[in-house]
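Here is the structure we will look at.
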Amino acid sequence: MVRVIGNYRWFDGARFDHVKYRDSHMPLTARLLRPLGLRKLESDQSLAGQAPKPGQIIASSVAYFDTAQDAQAALASAGKALMADVASYSNISPELHIAAVSQHYGAE
């Protein structure tokens with residue numbers, strides 16, 4: 001399994017609407033990527049408890065796919081539509097990272 005991580009890093013003058021991200025962009029992401037192999041989608045909002053500092057990650061999304069090829073094909077197919085929607089909730093461009101999920105540790 002692989003995950004595509006999109007991190008949003010704060011900068012002076014940045015704008016990010018967490019409600020619009022959660023209620024509009026994430027459903028759009030799920031709708032576009034599910035037919036392309038999306039297994040699971042998560043979004044995070046930083047709980048730093050203070051005003052964000054430049055470089056701080058203030059939000060992230062994580063999309064899970066079976067293989068790196070599936071993830072890359074999904075991004076190639078839906079990436080333009082997803083990036084076009086970013087302006088509706090932020091002026092921060094997400095930094096994308098594709099990673100292999102190797103092991104889970106924890107209480108089960």
Side-chain angles (χ1 to χ4, degrees):
M1 180 162 290
V2 299
R3 61 184 168 198
V4 178
I5 304 161
N7 290 318
Y8 295 83
R9 291 188 186 273
W10 189 257
F11 59 85
D12 289 335
R15 171 186 64 79
F16 197 98
D17 183 336
H18 288 281
V19 172
K20 186 150 187 140
Y21 178 62
R22 180 193 68 216
D23 294 348
S24 179
H25 183 72
M26 293 306 289
L28 171 67
T29 302
R31 192 168 51 256
L32 292 176
L33 296 181
R34 199 169 283 124
L36 301 171
L38 177 69
R39 297 290 177 208
K40 181 179 174 184
L41 182 63
E42 303 171 333
S43 65
D44 300 329
Q45 178 179 350
S46 175
L47 298 176
Q50 59 189 11
K53 295 180 172 68
Q56 177 184 347
I57 295 172
I58 59 157
S60 297
S61 60
V62 183
Y64 294 85
F65 294 87
D66 288 333
T67 68
Q69 293 81 9
D70 290 347
Q72 291 165 337
L75 291 175
S77 179
K80 283 185 183 182
L82 293 173
M83 290 305 295
D85 189 55
V86 171
S88 73
Y89 63 88
S90 185
N91 63 347
I92 303 171
S93 293
E95 300 170 359
L96 296 182
H97 175 71
I98 298 177
V101 177
S102 56
Q103 297 237 336
H104 297 275
Y105 298 96
E108 290 189 6

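Positions are given from 1 along the sequence.
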key: Test side chain to side chain donor-acceptor pair (under 3.5 Å) applied to Thr29 - qualifying residues, sequence neighbours left out   =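 Only His25 meet the side chain to side chain donor-acceptor pair (under 3.5 Å) criterion with Thr29.
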request  = Just say parallel, tilted or perpendicular for the rings of Phe16 and Tyr8, cut-offs at 30° and 60°.
outcome  =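 The arrangement is perpendicular - the two ring planes meet at more than 60°.
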query = Hey, does Trp10 have a side-chain heavy atom less than 4.5 Å from the side chain of Lys53?
reply =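 No; the side chains remain at least 4.5 Å from each other.
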inquiry  = Taking the side chain as everything from C-beta on, heavy atoms only, tell me whether Val4 gets closer than 4.5 Å to Tyr64.
reply    =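 No - every pair of side-chain heavy atoms lies 4.5 Å or more apart.
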key: Verdict with reasoning, Arg9 to Gln56, per side-chain contact (heavy atoms from CB on, under 4.5 Å)   = CA-CA 5 Å; Arg9 291 188 186 273; Gln56 177 184 347; over 6 Å; no
Are [Y] and [X] connected into the same hydrophobic cluster when the rule is that any two of I, L, V, M, F, W, Y join if their side-chain heavy atoms are below 4.5 Å apart?
X: Leu96; Y: Ile5; result: no
X: Leu82; Y: Tyr89; result: yes
X: Met1; Y: Leu36; result: no
X: Val86; Y: Ile92; result: yes
X: Met83; Y: Leu38; result: yes

Closest approach of [X] and [Y], non-hydrogen atoms and distance?
X: Phe11; Y: Asn91; answer: CZ-O, 3.7 Å
X: Leu32; Y: Ala81; answer: CD1-CB, 3.9 Å
X: Ala100; Y: Val2; answer: CA-CG1, 4.2 Å
X: Pro35; Y: Ala30; answer: CD-O, 4.4 Å

ask   = Tell me, which pairs form a salt bridge (charged side-chain N to carboxylate O under 4.0 Å, His left out) where one or both residues lie in residues 12-41, sequence neighbours left out?
value =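 Non-adjacent pairs meeting salt bridge (charged side-chain N to carboxylate O under 4.0 Å, His left out): Arg39-Asp66, Lys40-Glu42.
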request  = Please round to the nearest 0.5 Å and tell me the distance separating atom CG of Asp70 and atom CG of Leu75.
outcome  =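 One finds 11.0 Å between CG of Asp70 and CG of Leu75.
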task = State the CD1-OG distance between Ile58 and Ser90, to the nearest 0.5 angstrom.
result =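 One finds 6.0 Å between CD1 of Ile58 and OG of Ser90.
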request  = Look at the side chain of Ser88 and the backbone N and O of Asp85, then say whether any donor-acceptor pair between them is shorter than 3.5 Å.
outcome  =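 At least one qualifying donor-acceptor pair exists.
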task = Report the residues that fulfil ring-ring contact (aromatic ring centres under 6.0 Å, His included) with His97, sequence neighbours left out, ordered by chain and then residue number.
result =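 None.
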